[in-house]
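Below is one structure; the comments refer to it alone.
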Amino acid sequence: MRMARILSLIVGTVMVFAAASASAQAPPPYGPAITLEQAKKVLAGAEAEAKKNKWDVVIVVLDSGGHVVTLSRLDGAQWGSLDVARDKAHSAVAFRRPTKVFQDLIAQGGANLRLLNLSGASLLEGGIPIVVDGKLIGAVGVSGVTSQQDAQIGQAGIDALK
């Protein structure tokens with residue numbers, strides 16, 4: 001009888017921790033749309049990071065509804081990056097998570113390859129949700145260098161908002 005109680009206590013504790021970790025991974029709820037002033041701060045921070053590293057990129061900031069608020073194509077950035085940056089940001093807003101999540105899942109292969117058929121999801125790192133006070137207010141998307149460098153630029157922009 002005592003062993004059953006201990007086992008029950010252990011199972012209950014594991015379930016509580018599992019539920020807590022699952023809720024910690026839940027995407028943030030949508031909030032009010034990013035303001036133009038906030039978007040300009042994100043864009044300025046991202047541009048500064050790109051220029052510091054001499055990376056010619058396109059940077060797009062979308063609001064929580066997926067609409068373009070600001071866009072910058074640095075001198076020398078290929079025009080093909082316009083759509084890619086927007087797609088990355090749109091994916092981050094639509095699915096409320098960084099596009100790196102999709103890139104990593106695809107890299108694992110197997111059943112995750114089903115994501116290749118997920119409409120509207122960019123499978124390239126470089127799209128990051130902008131979360132303020134626990135609410136998703138928009139996203140930044142960057143394209144023009146490696147996906148990891150794109151994400152570095154985007155994160156610098158978000159960091160400039162704080």
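In what follows, residues are counted from 1 in the order of the sequence shown.
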Would the distance check show the side chain of Ser81 and the main-chain N or O of Val84 forming a donor-acceptor pair, the cut-off being under 3.5 Å? no
Please report the closest heavy-atom contact between Leu62 and Arg86, naming both atoms and the distance. CD1-O, 4.2 Å
Give the table of side-chain donor-acceptor pairs shorter than 3.5 Å for residues 37-47, with sequence neighbours excluded, one pair per line with atom names and distance.
| residue | atom | partner | partner atom | Å |
| --- | --- | --- | --- | --- |
| Gln38 | OE1 | Thr35 | N | 2.9 |
| Gln38 | OE1 | Thr35 | OG1 | 3.2 |
| Glu47 | OE2 | Ser72 | OG | 2.4 |

Can you tell me which residue pairs pass the ring-ring contact (aromatic ring centres under 6.0 Å, His included) test with a partner in residues 104-143, sequence neighbours excluded? none
Validation row: Val60, Thr70 side chains within 4.5 angstrom (heavy atoms): no
Considering residues, nucleotides and ligands other than Gln78, do more than 12 of their heavy atoms fall under 6.0 Å from its CD? yes
Residue pairs meeting ring-ring contact (aromatic ring centres under 6.0 Å, His included), one or both in residues 57-103, sequence neighbours left out, come to Phe95-Phe102
Side chains of Ile59 and Leu71 in contact at under 4.5 Å (non-hydrogen atoms): no
Could you check if a side-chain atom of Val131 sits within less than 4.5 angstrom of a side-chain atom of Ile137, using non-hydrogen atoms only? no
Minimum heavy-atom distance Ala85-Ser143, with the two atoms named: N-CB, 3.7 Å
Rounded to the nearest 0.5 angstrom, the CG-CD1 distance for Leu161 and Ile34 is 6.0 Å
Looking at Val58, is its backbone amide N or carbonyl O close enough to the side chain of Arg73 to form a donor-acceptor pair, meaning the two atoms are under 3.5 Å apart? no
Which residues share a side chain to side chain contact (heavy atoms under 4.5 Å, CB included) with Gln152, sequence neighbours left out: Glu49, Asn53, Trp55
Ile130 versus Leu136: any side-chain heavy-atom pair under 4.5 Å? no
Close side-chain approach of Leu113 to Ile106, heavy-atom, < 4.5 Å: yes
Measure the shortest side-chain to side-chain distance between Val61 and Val68 over non-hydrogen atoms and say whether it is less than 4.5 angstrom. no
Mind checking the CG-NZ spacing from Leu74 to Lys54? Nearest 0.5 Å is all I need. 13.0 Å
Return the set of residues passing side chain to side chain contact (heavy atoms under 4.5 Å, CB included) with Gln155 (not counting sequence neighbours), or none when no residue passes. Ile128, Ile158, Asp159
Pro98 versus Pro129: any side-chain heavy-atom pair under 4.5 Å? yes
Any side-chain heavy-atom pair from Gln103 and Ser147 closer than 4.5 angstrom? yes
Once side chain to side chain donor-acceptor pair (under 3.5 Å) is applied, what residue pairs with a partner in residues 109-129 remain, sequence neighbours excluded? Gln108-Asn112
